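Beneath this line is the structure, given in structure tokens, with notes to follow.
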Amino acid sequence: MYKLILPFRYLLKRHISYLAFVAVALCVFIVVVVMTVMRGLVTDFKQKNHRFVGDCVVGTDSLVGFAYYEDFVKVLEQQDFVHAVSPVVKSYGLINASGSKQNFGIEVMGINAACHSKVTAFTEMLYHTKDDPTRAFTPGNDPNLIGCIVGIDRWLSRDPNGIYKYESYRRRTKLAISCFPLTPKGALEKAGAGMVNTKTFYYTDTLHSGLARVDSSVIMLPLEQLQLLCGMASSVKRISSLYIKFKDDVRLETGRDKVAALWRDFVKEKADEKYAYLFKTVTVQTWKENRRTFIAAMEKEQTMLIAMFGLVGLTTVFVVFVVFYMIISHKSKDIGILKSVGVSNANLIQIYLVFAFFIGILGSAVGSLLGWRFLVNINSIENWLYGKFGFQMWDRTIYAIGDIPSHIEFKILIVIIVSAIIACLLGAIVPTWQAARLKPVESLQVNQL
Amino acid sequence: MLSIAAVALSVSLLITVSSLFTGFINAFEQSAVQAIGEIVLTPPVKLAKYPQFIEQLKQIRSVKAATATLSAQGLLHLGKGNVKAVKIWGIEPGPRAEVTGFKQALLNQKDSNAPPTFQTPDLGEKIGGFIGIGVIAAPDEKTDEYDFEEAKKMTGQKMVLTTGTAAETEEEGKTQFRRKLVRFIVADIAFTGVYELDKSYVYLPIERLQEKLYPDELLPVADQIQIKLADDADTDVAMAQIWGAWQMFASDQLNWGPGLISSTDIDTAKQMQSQYVAELRKQMWILLVIFGVVSLSVILLVFCIFYMIVRLKQKDIAIIRSCGAPGTSLAWAFLGFGGCVGIAGSALGTAMGYAVTRNINTVEEWIRIIFGLKLWKSSVYMFSIIPNEVNWWWAFAIVLFSIVAAALGALVPAIVAAQTRPVKILRYE
Amino acid sequence: MTKDDCILKTEGLCKSYRMGAARVEVLKGVDLTIRKGEFVAIIGASGSGKSTLLHILGTLDRQDEGAVKFEGQDLSRLSAAKLNKFRNKTVGFVFQFYHLLDELNVLENVFLPAMASRSILGWLGCRTWAKNRAKQLLERLSLADRAKHKPYELSGGERQRVAIGRALMNEPKLLLADEPTGNLDSGTGNAILSVFEELNKAGQTIVMVTHDERIANKAGRIITLVDGKIKHRDKQTQVQ
């Protein structure tokens, strides 16, 4: 019982232990807040990428695309691990808004709205037609007009808080989109005849993916229309990619490997077809592999932050070490007394480790609580700082983020608390061990006054 | 010893954070400089007679070298059915290597003594070109590294580039496109380490590109002039001088009106990155504040250690006082001790900070293994390694601050020591 | 003296300490026998080794050479766990400077040895007994009304009585006292000695170290330590 009573009394009476407690609370607070925000941003960013392309991408970087995709779609749709497939065309083009003499370079994506909604979070990215994505390319009530979806940063502006100024009505705007059609061999189809295919589309909706590159430069068109524009709608149609969504219980890498095996078989089967050579540049990737260039930067920053927090952890261990060193050297008489009444070395060490544990758990509890309160109010704090001082942690005109993430993940919190407790135990163990090894008479002869 | 260690830990933490961040910011700014030179002049329309202008620039003492670029977009045919959209830069490889670190990016020519060239031995009249490594190859899925030897095998291959010009017509929304085919031989492969450049750039001789794009232009034309300054040049002075030279050249040689001249952008490469760099600096300051607060707890620790020393040595202090030593000299002794602890701790901390910073890439490797995070290579990320140079200005400021903080930490204990009454301590209980 | 009467015996005890570069021999071959129920005072000048001898007898320190036998058992052969048990159950130690734990109140300081030898569950089982025993001891030592006070709220004499109470908590066979009155005025010191006399009358074996002959004369037998060796005498006889 003394192993609980004494550490508790030390905690209350020894004022120096408050320093260790404050250090632990402070470090836990900092780690909880920064890890939550960084992890939130990284997870948010990764999620946005995941939601944009589905689980797996079978595709090529070549602007010519690949053929016979309908047959492969049939193969995929028969698989029990596949939920849905969406064929996609990606290319580059020029856009000209009516009334303007200037053309701007854009990226164009051709999709089937219904299929794409099943594979990606396409529906959630829309504004006017999110309740019925099948109407995504139907501007107004006129079914004869062909619509297009414009990346939100091309269409709307943001206020300093990063909030888009949505319009309640849909402007009926004509957009002329031109693409350079390519033959299956890669030559310009209209080399001698103006080089481009141009068609007029009408603005239907905005696309808000949360990805800066996409929202500022992508225009979505109906799949067949873009195939026509890009010269991919000949007798054998072509596409750039197939976006695939697996069923919920399918592991990403397992699903990708299965798709890759199916693709290899499909390529073998089609080896004698006229456009089989287009399969050479096709790869099968998980969404992470497909989007890795964008994810890389954030993961790198996350790694650097973990390294820095390792140093913070080391500081915590050191502070606790010094505090315990001071407490124990001041308390060596107590150790001698306890040894003289028959307390073993192991039990002595336990007393101080329990003491360290109390400091760790209390410090972590306070630090976590303060961290939680801070995070709950972090966006209000940022808004206040912005209103008062013009200071924003992340400039919303540069970073495509909305609110700062503030949801603490329980698992992460447990890891931080456990790490803090371990840090305290580590900090206490050496001075405790050293003191326990002394003979009783050595401990008692120190500081007899 | 403990107090020295406490100061050392604080100092090393702050030095590491400040060095890594400033290193990152510098590397980011440097990568821009490496790609496009220190100063970039971008006129609103193409400028003709650029060789003359470059000669005039070289007359300015602050300017070390200058080069012109001409840009276009196109489609690169990499094989049957394999077409990629690329950006094309018409460049002068020799002058370019003087302005930027371009030569180091060329896999075949980086080790040669001669300036880089598009001319390969058996080129003849054909056009030679450089191609970004990411255009022709993909990094390994697992290691994210390019196979450089495999990429080098593309040297000597024939490539076909479809490019052209676009001209606005009177008819609304109608553009007149003129297609141009450029056949070239791969003279070298470029690996700049900047993913965006490596994935989508093709470099051709500026004159040959102009021939294809603007056959009617008799004078040499360029989109941009990229300038390197002399080592001892003052940037602001140089900018002013370049402006002056440009205004003179544009009005005298090109007959441009004031409106056109003033629409020219002359920026440093750093200014072009300034918005993003400002964000990075903000994040660095926030992190330094956070770690500064953590360091504060360490300074408090120093205070406690000194206080404990005073308490432990009470008897000694009382004895010294009873021998007639004045309180102030004792106080100074403690303050001096605090200062010495600050100096010793800062020295040790600087050494530790240096060691961690210089080996940050190894630390990153350990973190990757322990946490299962991916270690990104330059093929998919901006830098191949985390910049790991210590920022000595920051280190100096941190050391100075630590010495003062350590001395301050000893202040209260010093006052306590000075006010010790010998009789109170030495009286037997 | 029969073998059964002998509770503690030392043979050729030697102990030295390092003081900087020099080695100081404190005990140079001490042979000593203590009988059950004896009240022995070990007297000697400062630096004669008397406290060192007491610490070795109580296993707070370890001899360099020689043996200490308690009821025939060689203490140097005991394992660490058995030594802890010996200190807890068999020996009670009273120090010159009391050495009470400031974080515990008087009652808790007294029943500390009972807590020290038991796990939490074991303690919960014997808690009532331990508290009652501690209260009895405090009553006997006239400290019943101070049970909830902290050591720093007590006078020197009161603290020493608490220390005696702690030493007696587990009914040790041997009570060792190192200058128990060294830090007290004569009146208070005499009161403490009275406690020892009472305990000894009740059968407690006591070995006490002191530098004061007047205090030593209160004991039944006096052992003199001179330059690390024993010169025996009892109360009536002179130095041999």
Side-chain angles (χ1 to χ4, degrees), chain A residues 1-18 323-324 326-359 433 435-449, chain C residues 15 17 51-52 54-56 58-62 79-105 108-127 130 150 163 166-167 169-170 172 176 178 183:
Chain A
M1 197 63 190
Y2 66 97
K3 284 185 257 182
L4 290 176
I5 296 175
L6 278 175
F8 187 67
R9 300 272 173 95
Y10 287 155
L11 190 65
L12 295 176
K13 297 285 182 212
R14 293 277 110 208
H15 296 141
I16 189 76
S17 57
Y18 295 164
V323 166
F324 268 79
M326 290 198 291
I327 290 172
I328 287 168
S329 41
H330 209 67
K331 281 274 157 200
S332 65
K333 191 191 77 172
D334 283 22
I335 291 169
I337 296 167
L338 289 166
K339 278 179 170 242
S340 75
V341 299
V343 172
S344 66
N345 287 353
N347 286 338
L348 256 170
I349 291 172
Q350 269 183 53
I351 291 171
Y352 285 95
L353 288 183
V354 168
F355 184 19
F357 178 80
F358 280 164
I359 289 177
W433 173 256
R437 282 177 59 223
L438 291 175
K439 290 197 208 94
V441 71
E442 286 166 346
S443 313
L444 287 167
Q445 274 171 2
V446 177
N447 291 336
Q448 285 197 358
L449 274 171
Chain C
K15 177 72 183 176
Y17 290 108
S51 290
T52 305
L54 201 74
H55 292 150
I56 291 172
T59 67
L60 297 183
D61 200 354
R62 217 178 164 90
S79 65
K82 290 211 165 102
L83 275 176
N84 289 329
K85 195 176 170 188
F86 177 80
R87 282 190 219 122
N88 184 256
K89 296 253 189 273
T90 312
V91 163
F93 226 105
V94 179
F95 299 97
Q96 179 182 357
F97 294 104
Y98 336 121
H99 289 330
L100 301 174
L101 292 180
D102 289 330
E103 282 79 19
L104 302 179
N105 63 29
E108 288 164 345
N109 265 288
V110 173
F111 66 56
L112 178 64
M115 269 204 293
S117 58
R118 290 172 175 86
S119 64
I120 292 176
L121 283 175
W123 169 249
L124 291 172
C126 77
R127 187 171 46 168
K150 290 277 163 58
R166 180 182 68 194
M169 180 66 198
N170 281 344
L176 301 174
D178 186 2
N183 220 27

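Worth saying up front: this structure is predicted, and the values here are computed from it rather than measured. Numbers restart at 1 for each chain; the letters A, B, ... are given by sequence-line order, proteins then strands.
Between A:Val343 and C:Asn84, the shortest heavy-atom distance links the atoms O-OD1, 3.6 Å. Scanning all heavy atoms of the two residues, the minimum distance from C:His99 to A:Ile337 falls at O-CD1, 2.9 Å.
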(message) Walk me through whether A:Lys339 and C:Leu60 qualify under side chain to side chain contact (heavy atoms under 4.5 Å, CB included).
(response) CA-CA 8 Å; A:Lys339 278 179 170 242; C:Leu60 297 183; 5.9 Å; no
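Contact annotation for C:Arg127: neither backbone nor side-chain heavy atoms come within less than 4.5 Å of a heavy atom of chain A. For chain A, the nearby part of C:Leu100 is the backbone; its heavy atoms alone come within less than 4.5 Å. Only the side chain of C:Lys150 comes within contact range of chain A, with at least one heavy atom under 4.5 Å from a heavy atom of that chain. For A:Leu4, the part sitting under 4.5 Å from any heavy atom of chain C is the side chain, from C-beta outward, and nothing else. For C:Phe86, no part lies near chain A; criterion is any non-hydrogen pair under 4.5 Å.
Taking CD from C:Glu108 and CG from A:Leu6, the interatomic distance works out to 8.5 Å, rounded to the nearest 0.5 Å. Taking OG from A:Ser344 and NZ from C:Lys85, the interatomic distance works out to 13.5 Å, rounded to the nearest 0.5 Å.
Residue A:Phe8 qualifies as open at atom CZ: its count of foreign heavy atoms under 6.0 Å is 12 or below.
Each of C:Thr59, C:Val91, C:Asn170, C:Leu101 has some count of heavy-atom pairs under 4.5 Å with chain A, and the biggest count is that of C:Leu101. In terms of heavy-atom pairs under 4.5 Å with chain A, the best-connected choice from C:Lys89, C:Arg62, C:Met115 is C:Met115.
Here the side chain of C:Arg87 pairs no donor or acceptor atom with the backbone of A:Ser340 at under 3.5 angstrom.
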